[in-house]
Amino acid sequence: MSVNGGASRGFYFNTVLSLARSLAAHRQAPIEKVQKLQCMCPVDFRGVFQLDERRRDAVIALGIFLVESDLQHKDAIVPYLLGLLKGLPKVQWIEESSERKGRETLPVAEIFTFGLVTLLSDVAQRDETLRGQILEAIMDIMKVLQDICKDPEAHDKGTDVTCLSTLFFEYSFYTPGSLIHICLFLLS
């Protein structure tokens with residue numbers, strides 16, 4: 001979410017981020033307003049999510065709301081985020097920024113996946129009741145992505161995931177403060 005990512009994207013991201021933080025500041029944010037933020041996120045259309053810059057920004061903003069609001073409306077938001085996580089192998093990644101092309105930057109899929117897994121890790125750390133469900137979903141999707149990398153020909157041609165994305169996904173497990181460290185700590 002680069003500051004120099006383009007004027008329209010910067011404005012949109014700042015707008016949804018401000019909305020998320022404004023809602024998070026309420027002791028009890030109205031579900032209708034949170035749903036408006038969630039409506040800006042991608043929807044599953046026949047098993048495929050389309051993720052353009054605005055939809056990715058909206059997901060990050062929704063996650064920021066969830067964490068900064070101390071998990072308000074988690075019953076509505078976490079299942080959505082887990083569904084999005086499970087849909088990663090079939091995501092249609094849409095890059096609109098021509099400014100991004102030609103620069104040496106990480107692929108959009110890697111950046112978004114890292115953010116989503118980190119967000120879910122934060123939620124798992126804060127809520128014991130969701131911890132097992134989140135960990136299981138992360139492990140399941142990691143296995144799917146690894147299988148795709150091992151044998152890409154055996155999978156749907158519409159799958160737009162690279163082995164590098166999988167490695168980056170795995171890396172998110174090993175960063176300090178991540179879910180794996182939390183689980184290892186809890187098991188020790």
Side-chain angles (χ1 to χ4, degrees), residues 1-97 108-141 169 172 175 177-179 182-183 186:
M1 309 304 155
S2 164
V3 173
N4 299 328
S8 66
R9 179 168 185 269
F11 175 78
Y12 184 80
F13 180 68
N14 289 332
T15 301
V16 294
L17 183 60
S18 293
L19 173 60
R21 289 198 161 137
S22 165
L23 289 171
H26 290 5
R27 186 180 307 241
Q28 186 58 36
I31 187 68
E32 302 80 25
K33 292 189 178 187
V34 176
Q35 288 170 336
K36 285 182 183 180
L37 180 60
Q38 191 169 350
C39 284
M40 297 176 202
C41 297
V43 293
D44 181 343
F45 183 72
R46 296 184 187 172
V48 177
F49 287 94
Q50 290 186 336
L51 284 170
D52 59 16
E53 285 179 322
R54 287 181 173 217
R55 290 178 182 141
R56 291 188 302 265
D57 290 347
V59 170
I60 298 303
L62 183 66
I64 289 170
F65 162 77
L66 182 64
V67 171
E68 290 187 3
S69 72
D70 199 25
L71 307 182
Q72 286 185 44
H73 305 297
K74 66 183 179 183
D75 295 338
I77 298 171
V78 172
Y80 168 77
L81 295 174
L82 290 174
L84 182 57
L85 178 72
K86 290 174 185 175
L88 282 177
K90 294 191 178 220
V91 162
Q92 181 182 2
W93 300 98
I94 302 169
E95 288 189 62
E96 294 138 352
S97 177
V108 169
E110 292 181 39
I111 295 167
F112 181 80
T113 301
F114 180 78
L116 182 59
V117 170
T118 302
L119 165 73
L120 287 167
S121 297
D122 283 352
V123 172
Q125 179 184 14
R126 294 165 190 254
D127 189 326
E128 285 183 33
T129 63
L130 293 170
R131 191 171 295 150
Q133 182 182 6
I134 291 171
L135 180 58
E136 183 179 341
I138 290 172
M139 298 303 286
D140 288 348
I141 194 62
F169 188 85
S172 67
T175 56
S178 70
L179 185 57
I182 294 163
C183 291
L186 293 172

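For reference, positions follow the sequence shown, starting with 1.
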- Val59 vs Pro42 side-chain heavy atoms within contact, under 4.5 Å: yes
- Rounded distance (nearest 0.5 Å) linking atom CD of Gln133 with atom CG of Leu135: 11.0 Å
- Please answer whether the main-chain N or O of Arg27 pairs with a side-chain N or O of Gln72 as donor and acceptor at a distance below 3.5 Å. yes
- Cation-pi between Arg56 and Phe112: NZ/CZ under 6.0 Å from ring centre and within 45° of the ring axis? no
- Message: I need the minimum non-hydrogen distance between Ala58 and Tyr12, along with the two atoms involved.
- Response: CB-OH, 4.3 Å
- Message: Minimum heavy-atom separation for Ile134 and Ala124, please, with both atom names.
- Response: CD1-N, 3.8 Å
- Could you state the interatomic distance from CD1 (Ile77) to CD (Gln35), rounded to the nearest 0.5 Å? 9.5 Å
- Task: Hey, could you give me the NZ/CG distance between Lys74 and Asp127, rounded to the nearest 0.5 Å?
- Result: 3.5 Å
- Query: Is Arg55 reaching over with its side chain to a backbone N or O of Met40, donor-acceptor style, under 3.5 angstrom?
  - Reply: no
- Supply the atom-to-atom distance Leu85 CG to Leu120 CG, rounded to the nearest 0.5 angstrom. 6.0 Å
- Separation of Leu51 CG from Leu84 CG (nearest 0.5 Å): 6.0 Å
- Message: Could you measure the distance from the NZ atom of Lys33 to the CZ atom of Phe65? Nearest 0.5 Å is fine.
- Response: 12.0 Å
- Item | Close side-chain approach of Leu81 to Leu66, heavy-atom, < 4.5 Å | yes
- Task: Would you confirm whether His73, through its side chain, and Ala29, through its main-chain N or O, come within 3.5 Å as a donor-acceptor pair?
- Result: yes
- Task: Would you name the heavy atoms of Leu62 and Tyr80 that are closest together and state the gap between them?
- Result: CD2-CD2, 4.1 Å
- Message: Do Gln50 and Ile94 have side chains that approach each other closer than 4.5 Å (heavy atoms only, starting at C-beta)?
- Response: yes
- Note: Arg21 and Ile64 closest approach over all heavy atoms is NE-CG2, 3.9 Å
- Note on the structure: Closest heavy-atom pair, Asp44 versus Val48, reported as atoms and distance to 0.1 Å, is OD1-N, 3.4 Å
